[in-house]
S.K.: 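Before I ask anything, here is the structure I am working with.
Please read all numbers here as calculations on a predicted model, not as lab measurements. By convention here, the first residue in the shown sequence is residue 1.
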Amino acid sequence: MSAPAPSPLAIVDVDPGKAPARQDEILTEAALAFVAELHRRFTPRRDELLARRDARRAEIARTSALDFLPETAHIRADDSWRVAPAPAPLDDRRVEITGPTDRKMTINALNSGAKVWLADFEDASAPTWQNVIGGQVNLIDAYERRIDFTDPDSGKSYALKPAEELATVVVRPRGWHLDERHLQLDGTPVPGALVDFGLYFFHNAQRLLDLGKGPYFYLPKTESHLEARLWNEIFVFAQDYVGIAQGTIRATVLIETITAAYEMEEILYELRDHASGLNAGRWDYLFSIVKNFRDGGEKFVLPDRNAVTMTAPFMRAYTELLVRTCHKRGAHAIGGMAAFIPNRRDPEANEKALAKVRADKDREAGDGFDGSWVAHPDLVPVARACFDAVLGDRPHQKDRLREDVSVTAADLIAIDSLDARPTYQGLVDAVRVGTRYIEAWLRGLGAVAIFGLMEDAATAEISRSQIWQWVDAGVVFENGEKATADLVRKIADEELAVIRTEIGDEAFTAGAWQQAHDLLLKVSLDTDYAAFLTLPAYELLD
């Protein structure tokens, strides 16, 4: 490992008396020197790529079209290349559980019976400094087997199962657009992605190798193969820096933006020595469609989010292309989220919801996916049974090449192929869920149970984006009401009153309800559409 020079990074806006416990164990001089070097080398390119996103968005606004890239056609046409073979801990990924890195979730996720835990510093974690540092502490403690937790309310204690029963950890750092204001170089914040990746990798790469695993990552919000190329350059540098073999890092890319859906092969190609697979999401993908095609007129107006299932024609085109692309290149194809929270107090409703989960996971396994996501430990056996029925003892089904799949550029954005319309109740639901999620996020919670579902930041993004789109398009609902800013404000005010009655004045005043209400209206109604809700929200985060 290179001998670190004293780090020039400044820890900013952290009250020494309120600093997270064991912060000094994470922000060592050597770890900060590594993050500083990442920042120096790679943040300028990150900034260029963020500017490129804006330019591409402007081009989509002009054309209302996307296509596969002509300049990379040779990569798609070359049948000879494959991604590196999966390491043993990532060969069987039939069920993956997702969640934040708080202490209780760390133990429960590792113990859940899932093959993989997506340890989330991104959408399921509000980036308070406590969460950023505390998550790093919890992962180290888990690898050192010195983690336990006692619930202060129930008194129930949690501890790790034997090592061979624990899920493999795949860490999701923040997206490229988010900065970490508490770590700065010459007054410039370090990208949150480099903080999350850098601290985790520096402290755990060798520790994980000693445990027979490795530093594995999920890469969120990727919009192009050039962004994947940047990650690959970071991986190459990082492995040399700490003195481990090239290819030790493995990355799975979330294809959760519409632009990335047109560059799946190129993304795998750029990461081919470090690639592990691609994942198909829903809410962020729909959010990206609204964001990019918000000038495209009526044919791009989405109906209620719950009406856009993975069986919608344009969503099916996306998922089937993902499976075909992954298997053609020897990568894992990982399906979407089952967000349902089982409710043992209502067996009838519980069984109906579980039937939907089974149908969704049966579809994914039948389509060729090698695994899928769940948000709750009780769903692990449900999803596993669906994939067991198809995979049997095989770790995956990459041999299913899906050569029957043929997807055109137009198929991926054929939004008007879906026979559904926005509804008034859909508008109400978007306001209700958006308000409740943002309030919890502002209090430091990124994974929030709302109306029986485990929601994360992607839920708030699609909710506010649909409000914005429907108002901008002047949608007329089935009850004759037109989507207007005044109607949204009326619904939002009514919801705030409902919440106050529901939880009482004291709890309402102690929460961040008015801030959440105001922020939801701002990002839903401002003419200047905010690229990400979490950017203005971060300014309000303690």
S.K.: When you measure from the side chain of His225 to the backbone N and O of Glu270, does any donor-acceptor pair fall under 3.5 Å?
M.R.: no

S.K.: Using 0.5 Å steps for rounding, measure from the CG atom of Asp92 to the OG1 atom of Thr168.
M.R.: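 Asp92 atom CG to Thr168 atom OG1 measures 9.5 Å (nearest 0.5 Å).
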
S.K.: Any side-chain heavy-atom pair from Leu90 and Val170 closer than 4.5 angstrom?
M.R.: yes

S.K.: Salt bridge (Lys or Arg N to Asp or Glu O under 4.0 Å) with Glu25: which residues, sequence neighbours excluded?
M.R.: Arg22

S.K.: Nearest 0.5 Å, what's the CZ-CD1 distance between Phe287 and Ile462?
M.R.: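 If I round to the nearest 0.5 Å, the distance is 8.5 Å.
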
S.K.: Residues two or more places apart in sequence or in another chain: which of them pass side chain to side chain donor-acceptor pair (under 3.5 Å) with Lys291?
M.R.: none

S.K.: Between the main-chain N or O of Trp373 and the side-chain N or O of Glu96, is there a donor-acceptor pair closer than 3.5 Å?
M.R.: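 Judged by distance alone, no pair lies under 3.5 Å.
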
S.K.: Output yes when a side-chain donor or acceptor of Tyr241 lies under 3.5 Å from a complementary backbone atom of Phe202, and no otherwise.
M.R.: no

S.K.: Between Gln136 and Asp196, is any side-chain donor less than 3.5 angstrom from a side-chain acceptor?
M.R.: no

S.K.: For Asp179, which residues count as a side chain to side chain donor-acceptor pair (under 3.5 Å) partner, sequence neighbours excluded?
M.R.: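 For Asp179, the residues satisfying side chain to side chain donor-acceptor pair (under 3.5 Å) (neighbours in sequence not counted) are Arg46.
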
S.K.: Any chance you could measure Leu219, atom CG, to Leu278, atom CG, to the nearest 0.5 Å?
M.R.: 10.5 Å

S.K.: Backbone N or O of Thr248 within a donor-acceptor pair of the Gln239 side chain at under 3.5 Å?
M.R.: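 At least one qualifying donor-acceptor pair exists.
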
S.K.: Find out whether Asp123 and Glu461 are in side-chain contact, i.e. whether some heavy atom of one side chain is under 4.5 Å from a heavy atom of the other.
M.R.: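 Side chain of Asp123 against side chain of Glu461, heavy atoms only: no contact under 4.5 Å found.
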
S.K.: Just wondering, more than 12 heavy atoms not from Asp186 lying within 6.0 Å of its CG?
M.R.: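 No - once you tally the heavy atoms of other residues, nucleotides and ligands closer than 6.0 Å, there are 12 at most.
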
S.K.: If a pair satisfies side-chain hydrogen bond (donor to acceptor under 3.5 Å, both in side chains) and one of its residues is in residues 441-458, list it, with sequence neighbours excluded.
M.R.: Arg305-Glu455, Glu439-Arg443, Glu455-Thr459

S.K.: Quick check: does any side chain N or O of Asn350 sit under 3.5 Å from a backbone N or O of Asn343, one acting as donor and the other as acceptor?
M.R.: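 Checking the backbone N and O of Asn343 against the side chain of Asn350, a donor-acceptor pair under 3.5 Å is found.
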
S.K.: To the nearest 0.5 Å, what is the distance between CG on Leu519 and OG1 on Thr435?
M.R.: 10.0 Å

S.K.: How would you list, by chain and number, every residue that makes a ring pair (Phe, Tyr, Trp, His ring centres under 6.0 Å) with Tyr269, sequence neighbours excluded?
M.R.: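 Result, ring pair (Phe, Tyr, Trp, His ring centres under 6.0 Å) vs Tyr269: Trp81.
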
S.K.: Are more than 12 heavy atoms from other residues, nucleotides or ligands located less than 6.0 Å from atom CD of Glu506?
M.R.: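 No, because the 6.0 Å sphere around CD of Glu506 holds 12 heavy atoms or fewer from other groups.
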
S.K.: Is any side-chain heavy atom of Leu208 less than 4.5 Å from a side-chain heavy atom of Tyr216?
M.R.: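 Side chain of Leu208 against side chain of Tyr216, heavy atoms only: no contact under 4.5 Å found.
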
S.K.: Using the test salt bridge (Lys or Arg N to Asp or Glu O under 4.0 Å), find all partners of Arg53 that sit at least two apart in sequence or belong to another chain.
M.R.: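 For Arg53, the residues satisfying salt bridge (Lys or Arg N to Asp or Glu O under 4.0 Å) (neighbours in sequence not counted) are Glu223, Glu227.
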
S.K.: For Thr98 and Arg172, which I'm curious about, is there any donor-acceptor pair between the side chains at under 3.5 Å?
M.R.: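 Checked: Thr98/Arg172 side chains show no N/O donor-acceptor pair below 3.5 Å.
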
S.K.: To the nearest 0.5 angstrom, please state how far the OG atom of Ser276 sits from the CG atom of Asp91.
M.R.: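 Here the interatomic distance stands at 9.0 Å.
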
S.K.: Mind checking what makes side-chain contact (heavy atoms from CB on, under 4.5 Å) contact with Arg145, not counting sequence neighbours?
M.R.: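 side-chain contact (heavy atoms from CB on, under 4.5 Å) list for Arg145, sorted by chain: Leu160, Ala163, Leu166.
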
S.K.: Tell me whether the count of non-hydrogen atoms from other residues, nucleotides or ligands lying under 6.0 Å of NZ in Lys356 goes above 12.
M.R.: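 Atom NZ in Lys356 is not crowded, with 12 or fewer foreign heavy atoms closer than 6.0 Å.
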
S.K.: Supply the atom-to-atom distance Tyr218 OH to Leu254 CG, rounded to the nearest 0.5 angstrom.
M.R.: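 Taking OH in Tyr218 and CG in Leu254, the distance rounds to 6.5 Å.
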
S.K.: Run the numbers on Arg229 and Asn232 for side chain to side chain donor-acceptor pair (under 3.5 Å), then give the verdict.
M.R.: CA-CA 5 Å; Arg229 180 182 297 172; Asn232 199 69; over 6 Å; no

S.K.: Take a 6.0 Å sphere around CG of Asp388 and say whether it holds more than 12 heavy atoms from other residues, nucleotides or ligands.
M.R.: yes

S.K.: Which residues satisfy the salt bridge (Lys or Arg N to Asp or Glu O under 4.0 Å) test with Glu37, sequence neighbours excluded?
M.R.: Arg40, Arg41

S.K.: Would you mind listing every ring-ring contact (aromatic ring centres under 6.0 Å, His included) that reaches into residues 169-200, with sequence neighbours excluded?
M.R.: Trp129-His182, Trp176-Trp231, His177-Phe532, Phe197-Phe201, Phe197-Phe217, Phe197-Trp231, Phe197-Phe235, Tyr200-Phe217

S.K.: Please list, chain by chain and in numerical order, all residues satisfying ring pair (Phe, Tyr, Trp, His ring centres under 6.0 Å) with Phe340, sequence neighbours excluded.
M.R.: none

S.K.: Determine whether a donor-acceptor pair (N or O, by modelled atom type, separation under 3.5 Å) exists between the side chain of Arg181 and the backbone of Asp13.
M.R.: no

S.K.: The test is side chain to side chain contact (heavy atoms under 4.5 Å, CB included); show your working for Leu533 and Ile438 and say whether it passes.
M.R.: CA-CA 9 Å; Leu533 159 69; Ile438 293 170; 4.0 Å; yes

S.K.: Only counting residues at least two apart or in another chain, list the ones meeting salt bridge (Lys or Arg N to Asp or Glu O under 4.0 Å) with Asp378.
M.R.: Arg344

S.K.: Check side chain to side chain donor-acceptor pair (under 3.5 Å) between Lys398 and all other residues, then give those that pass, not counting sequence neighbours.
M.R.: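 If we apply the side chain to side chain donor-acceptor pair (under 3.5 Å) test to Lys398, skipping adjacent residues, the hits are His332.
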
